[in-house]
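One structure is given here, and the rest of the page talks about it.
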Amino acid sequence: MILTQQPTLELLFEQLGLSADKAAIEQFVKNHQLPSEVILPDASFWSEGQSAFLREHWHQDDEWIVIIDELNQLLHMESDKLSPQ
(Lines give C-alpha, C1' and ligand atoms only; values in the text may rest on other atoms or scores of the structure.)
Protein backbone atom coordinates (compact mmCIF):
# COMPACT_ATOMS: atom_id res chain seq x y z
CA MET A 1 0.00 0.00 0.00
CA ILE A 2 1.39 3.39 -0.97
CA LEU A 3 0.55 6.15 1.45
CA THR A 4 0.00 9.72 0.42
CA GLN A 5 0.28 10.94 3.98
CA GLN A 6 2.19 10.04 7.12
CA PRO A 7 0.63 7.14 9.01
CA THR A 8 -1.27 8.10 12.14
CA LEU A 9 -2.98 6.07 14.83
CA GLU A 10 -6.30 6.99 13.20
CA LEU A 11 -5.12 5.72 9.80
CA LEU A 12 -3.86 2.52 11.40
CA PHE A 13 -7.26 1.90 12.97
CA GLU A 14 -8.90 2.54 9.60
CA GLN A 15 -6.50 0.05 7.95
CA LEU A 16 -7.46 -2.50 10.60
CA GLY A 17 -11.15 -1.91 9.88
CA LEU A 18 -11.78 -0.35 13.28
CA SER A 19 -13.51 2.86 14.32
CA ALA A 20 -10.88 5.55 14.12
CA ASP A 21 -12.29 8.48 16.08
CA LYS A 22 -10.52 9.51 19.27
CA ALA A 23 -13.17 8.11 21.63
CA ALA A 24 -13.25 4.75 19.83
CA ILE A 25 -9.45 4.46 19.93
CA GLU A 26 -9.37 5.29 23.63
CA GLN A 27 -12.09 2.72 24.33
CA PHE A 28 -10.28 0.07 22.27
CA VAL A 29 -7.02 0.68 24.16
CA LYS A 30 -8.82 0.53 27.51
CA ASN A 31 -10.64 -2.72 26.63
CA HIS A 32 -7.73 -4.55 25.00
CA GLN A 33 -4.78 -4.30 27.38
CA LEU A 34 -2.26 -7.07 26.79
CA PRO A 35 -0.03 -9.01 29.17
CA SER A 36 3.64 -8.18 28.69
CA GLU A 37 4.40 -11.59 27.19
CA VAL A 38 1.88 -11.19 24.33
CA ILE A 39 3.29 -9.46 21.28
CA LEU A 40 0.93 -7.17 19.42
CA PRO A 41 0.25 -9.26 16.28
CA ASP A 42 -0.41 -12.36 18.42
CA ALA A 43 -3.24 -10.79 20.44
CA SER A 44 -6.32 -13.00 20.36
CA PHE A 45 -8.69 -10.16 19.44
CA TRP A 46 -7.21 -9.57 15.97
CA SER A 47 -8.63 -11.25 12.89
CA GLU A 48 -6.18 -13.15 10.68
CA GLY A 49 -6.03 -10.19 8.31
CA GLN A 50 -5.42 -7.65 11.05
CA SER A 51 -2.69 -9.79 12.59
CA ALA A 52 -1.06 -10.30 9.18
CA PHE A 53 -1.12 -6.55 8.47
CA LEU A 54 0.54 -5.76 11.80
CA ARG A 55 3.12 -8.54 11.50
CA GLU A 56 3.98 -7.69 7.88
CA HIS A 57 4.57 -4.01 8.56
CA TRP A 58 6.40 -4.70 11.83
CA HIS A 59 8.85 -7.02 10.05
CA GLN A 60 9.27 -4.69 7.08
CA ASP A 61 10.13 -1.85 9.46
CA ASP A 62 8.40 0.53 7.05
CA GLU A 63 6.58 3.84 7.54
CA TRP A 64 3.94 2.12 9.69
CA ILE A 65 6.40 0.90 12.34
CA VAL A 66 6.29 4.07 14.45
CA ILE A 67 2.49 3.95 14.67
CA ILE A 68 2.35 0.18 15.20
CA ASP A 69 4.91 0.58 17.99
CA GLU A 70 2.77 3.36 19.50
CA LEU A 71 -0.26 1.04 19.48
CA ASN A 72 1.87 -1.72 20.99
CA GLN A 73 2.90 0.60 23.84
CA LEU A 74 -0.69 1.74 24.40
CA LEU A 75 -1.95 -1.84 24.60
CA HIS A 76 0.79 -2.78 27.07
CA MET A 77 0.36 0.24 29.41
CA GLU A 78 -1.16 -1.76 32.25
CA SER A 79 1.40 -4.57 32.08
CA ASP A 80 4.21 -1.99 31.95
CA LYS A 81 2.88 -0.46 35.18
CA LEU A 82 3.15 -3.87 36.85
CA SER A 83 6.70 -4.58 35.62
CA PRO A 84 9.52 -3.88 38.05
CA GLN A 85 11.49 -0.83 36.98
List for me each residue that meets ring-ring contact (aromatic ring centres under 6.0 Å, His included) alongside Trp46, sequence neighbours excluded, and say none if there are none.
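Testing Trp46 for ring-ring contact (aromatic ring centres under 6.0 Å, His included), a comparison that skips the adjacent residues, returns Phe28.
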
With sequence neighbours excluded, tell me which residues meet side chain to side chain contact (heavy atoms under 4.5 Å, CB included) with [X].
| X | answer |
| --- | --- |
| Asp21 | Ser19, Ala23, Ala24 |
| Gln73 | Asp69 |
| Glu48 | none |
| Glu26 | Lys22 |

Which pairs count as salt bridge (charged side-chain N to carboxylate O under 4.0 Å, His left out) when at least one residue sits in residues 32-41, sequence neighbours excluded?
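Non-adjacent pairs meeting salt bridge (charged side-chain N to carboxylate O under 4.0 Å, His left out): zero.
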
Residue pairs passing the salt bridge (charged side-chain N to carboxylate O under 4.0 Å, His left out) test where at least one lies in residues 6-15, sequence neighbours excluded:
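As it turns out, there is no salt bridge (charged side-chain N to carboxylate O under 4.0 Å, His left out) pair with a partner in residues 6-15 once direct neighbours are skipped.
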
Considering only heavy atoms from C-beta outward, does the side chain of Leu18 approach that of Ile25 to under 4.5 Å?
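When only atoms from C-beta onward are counted, Ile25 and Leu18 do not touch, as no gap falls below 4.5 Å.
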
Taking atom [atom1] of [X] and atom [atom2] of [Y], what is their separation to the nearest 0.5 Å?
| X | Y | atom1 | atom2 | value |
| --- | --- | --- | --- | --- |
| Leu11 | Trp64 | CG | CH2 | 5.0 Å |
| Ile39 | Trp58 | CD1 | CH2 | 6.0 Å |
| Leu54 | Asp42 | CG | CG | 10.0 Å |
| Asp62 | Glu56 | CG | CD | 8.0 Å |
| Ile68 | Glu63 | CD1 | CD | 9.5 Å |
| Met77 | Lys30 | CE | NZ | 11.0 Å |

Would you please test Ile67 and Phe13 for side-chain contact (heavy atoms from CB on, under 4.5 Å) and show each step?
CA-CA 10 Å; Ile67 301 305; Phe13 270 68; over 6 Å; no

Listed partners of [X] passing side chain to side chain donor-acceptor pair (under 3.5 Å), at least two apart:
| X | value |
| --- | --- |
| Ser44 | none |
| Asn31 | Gln27 |
| Glu70 | none |
| Gln33 | none |

How close do Gln50 and Phe45 get, counting heavy atoms only, and between which atoms?
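Looking at all heavy atoms of both residues, the closest pair is OE1-O, 4.1 Å.
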
